[in-house]
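These notes are about the structure you will find just below.
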Amino acid sequence: MDFTSNHRPDDMVRITTPELAQAFIDEAVAFTCAQVGDGKVLLALSGGVDSSVVAALLIKAVGKQLVCVHVNHGLMRKGESEQVIEVFQNQMGAELVFVDATDRFLDKLAGVADPEAKRHIIGEEFIKVFAEEAAKLEGISFLGQGTIYPDILESEASVKAHHNVGGLPKDLDFELVEPVKLLFKDEVRMVGKQLGLPDGMVYRQPFPGPGLGVRCLGAITRDRLAALREADAIVRAEIGAAGLDIWQYFCVVPDMRATGVRGGQRAYEWPCIVRCIDSVDVMTAEVRELDWALLKRITGRILAEVPGICRVCYDLTPKPIGTVEWE
Ligand code: XMP
């Protein structure tokens, strides 16, 4: 395979078996070792499928020459930063710089209600935090990236600017290391599985770079964000326990209140909207018809366990007209 090319040859074998994944890993490791030599590689590790698989590959290829930086912007799903630390630092022994930038992001976002302004702040702040961390490290000459083939195709078609991990600093003078850039998503997952990454990471749902920031609607507050994170964790746990394979499932908490009654007292708390959709190409999406008992179980748990939420709704909107995310 030609790791220097941005073009996937028509006759390139699709990675569909563990044996093919292993053959790819062997080739990618050999190429990366030759490319990097005794240089040092920096990798922004979000915990998404693509950057996680690249991290696992680079650990195998260059081990101690890799420095991973994980920025927690405070908008991660419950347990996700912890999983990144557990898998890459504790289990795989990677050098991992963990930056808890929660306060920094949430302070910048305070009072900002416009969705595009929120996205902009999150993207810009991410670049700043990452650049600051990179500046503290010495002797880095390579930047690892989880670019995959659809990113290249979309960039070429100018469908969207290629954004890995929220867009990295463009003025960092590093040579790129992009070992999975000719692979499709299913192949990246196959390689991740072969590298021993946990299923929860390999089959992770697509998750927007701005994270829960676009699901905590309007101006983000810490208490509403905390309620969203807890409700989201319940939805994930219940759908996981039911063994369902669904493209994306998550919660949204709007910045409005609804009346309820709790312990004989009037409550005035947030509603929570549950959204479960299936999609093949992200351009269109269908609402998954969930079993009624499962919906009732999710509702009961959110109402009983999440402070501040007194109402649960299920979003029946397909895409189009509704986009996947509410913001
Ligand atoms: P929409 O809401 O446009 O979402 O139907 C399509 C897919 O893209 C994800 N999404 C994002 N991903 N940054 C990202 O990295 C974003 O700002 C963003 N907004 C939406 C969404 O979760 C869905 O998979």
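In what follows, residues are counted from 1 in the order of the sequence shown.
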Would you please classify the geometry between the His73 ring and the Phe105 ring as parallel, tilted or perpendicular, with 30° and 60° separating the classes?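 Perpendicular: the ring planes of Phe105 and His73 meet at over 60°.
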Would a distance-only check, ignoring hydrogens and angles, find a side-chain to backbone donor-acceptor pair under 3.5 Å from [X] to [Y]?
X	Y	result
Lys319	Val282	yes
Arg119	Gly209	no
Arg275	Tyr249	no
Arg257	Tyr268	yes
Glu27	Met1	yes
Tyr149	Arg8	yes
Lys181	Asn6	no
Ser279	Thr284	yes
His70	Leu45	yes
Glu230	Ala227	no

Straight-line distance of [X] [atom1] to [Y] [atom2], nearest 0.5 Å:
X	Y	atom1	atom2	answer
Phe207	Glu325	CZ	CD	8.5 Å
Gln83	Asn90	CD	CG	12.0 Å
Asn72	Ile85	CG	CD1	8.5 Å
Cys68	Gln89	SG	CD	9.5 Å
Arg229	Leu75	CZ	CG	7.0 Å

I'd like to know if [X] pairs up with [Y] as an ion pair, taking the criterion as any Lys NZ or Arg NE/NH1/NH2 lying under 4.0 Å from an Asp or Glu carboxylate oxygen.
X	Y	value
Arg14	Asp186	yes
Glu327	Arg215	no
Arg236	Asp232	yes
Arg262	Glu269	yes
Arg222	Asp103	yes
Glu132	Arg104	yes

Going only through I, L, V, M, F, W and Y residues with side-chain contacts under 4.5 Å, is there a path from Val280 to Phe184?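 No, separate clusters.
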Group every Ile, Leu, Val, Met, Phe, Trp and Tyr by side-chain heavy-atom contacts under 4.5 Å, then state whether Ile220 and Met76 land in the same group.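 They do not share one cluster, since no chain of ILVMFWY contacts under 4.5 Å joins Ile220 to Met76.
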Counting C-beta onward and ignoring hydrogens, is there a side-chain heavy-atom pair between [X] and [Y] closer than 4.5 Å?
X	Y	value
Leu195	Ile25	yes
Val13	Leu20	yes
Thr32	Leu57	no
Gln205	Arg77	yes
Lys185	Val49	yes
Leu197	Met92	yes
Glu175	Leu143	no

